[in-house]
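Down below is the structure, laid out as structure tokens.
Quick note: numbers below take in every heavy atom, side chains included, and nothing from hydrogens, waters or symmetry partners. Proteins get letters first, then strands, A, B, ... in listed order; numbering begins at 1 in each.
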Protein chains: 2
Amino acid sequence: MIEHAGTVAHCPIDTSRIELAALNTITYGLYVVTARDAERRNGLVVNTVVQVAGEPCQLSVSINKASLTHEMVLKGGAFAVSVLERDTPLEFIGRFGFRAGRSYDKFEKTRYHDGATGCPLLDEHTLAHVEARVRTAVDCGSHTTFIADVVASAKIKDGEPLTYAYYHQVKGGKTGKGAPTYGMDMTKCRTEQRKGDRE
Amino acid sequence: MIEHAGTVAHCPIDTSRIELAALNTITYGLYVVTARDAERRNGLVVNTVVQVAGEPCQLSVSINKASLTHEMVLKGGAFAVSVLERDTPLEFIGRFGFRAGRSYDKFEKTRYHDGATGCPLLDEHTLAHVEARVRTAVDCGSHTTFIADVVASAKIKDGEPLTYAYYHQVKGGKTGKGAPTYGMDMTKCRTEQRKGDRE
């Protein structure tokens, strides 16, 4: 079991100084992060994957603490990322993004194979797979940020990745309650960006 | 001075299992991260900003250890992010991305003002500002990943953010030697994505 780092107190915050629309200008992709505990496989949709170092090659991902995937990553110390393609149907995103893995087997109707870490890799709507082993888990309150060594990766097919902006603006997708950006006014962001498009 | 967490050994890597084109499918924006040490202000271009938690609101950013900005963030414990707009000129990006702050004052010809943390906030080509105080600094080899409480943020103007893909594909921008993604074949990625556009 991986221990949390970063449990020092947060600094005092005056929330009146924080404008959420500013945070909405940060650019993200959309990914399914998967993990495994024995024969139980689970995964969830996140927007928080980033390559944080090249030497050695490392990835970070932030995962909501209440999720089953979080529990599995802490226990097993590994996760896999499937990079979603732009044309991924909302139904597919919903299966991984809006249903709780504790009461529903997300992999029952999903095509996948197990990777080098044993974590499942999606065989649908996926441009690339990346597998990683956790080195550090930082306690971030609602979420844990996992920083991990990349141990395997493969490009599956050409195409545009699904971005968080495209998901909201074009597909009309919603933000899950477990996302770091939950509660932000993406509609406002959307209106402003559309206006920007016309200018 | 902030101490590094996450100094445990990396796991053994078989680099033949890592295909860099897979990592190129991750989506990023482009940002100038700034810091300050007394009257010395500095900043650099990064693609690694992400909101990692909502409660409390936290940001992470990965910064190359060799940079002056890295030294200042470790010493001062705070940084600011200026979110670049899509039409930011390459010359402006070059000023912050391809010159070393140790031998050149990047702020001499830049319009800015100091924020709540004392870090400089850009007044040019910027959609939003976010300021943060570091809680945890994770040692990632070539880079440090800073995880920080958001203490102030403001939307400056409407518009599309500059994405890393747009910077490479449309503007023909290059990857800095200090980036986590340095050495990756962005040209290959570009060709494939253009092909995707035509399909």
Below 4.5 Å from any heavy atom of chain B, which atoms of [X] appear? Answer side chain, backbone, both or neither.
X	result
A:V151	both
A:L30	neither
A:I26	both
A:Q58	side chain
A:T48	both
A:I18	both

Using 30° and 60° as the class limits, which term best fits the ring planes of B:F92 and B:H125: parallel, tilted or perpendicular? perpendicular
B:A66: what forms a side chain to side chain contact (heavy atoms under 4.5 Å, CB included) with it, not counting sequence neighbours? B:N64
Between B:F96 and B:Y104, is the ring centroid distance below 6.0 Å? no
Test question: given the 4.5 Å side-chain rule for I, L, V, M, F, W and Y, name all other residues clustered with A:L68, or answer none. A:M72
Between B:T126 (side chain) and B:E124 (backbone), is there a donor-acceptor pair under 3.5 Å? yes
Do you know which of [options] has the most heavy-atom pairs under 4.5 Å to chain A?
options	answer
B:V83, B:I63, B:V81, B:T15	B:V83
B:A179, B:A128, B:P12	B:A128
B:T163, B:V150, B:V49	B:V150
B:A148, B:S153, B:P56	B:S153

State whether the number of non-hydrogen atoms from other residues, nucleotides or ligands found under 6.0 Å of A:K174 atom NZ is greater than 12. no
Name the residue from A:R111, A:H113, A:H129 that meets the side-chain hydrogen bond (donor to acceptor under 3.5 Å, both in side chains) definition with A:D123. A:H113
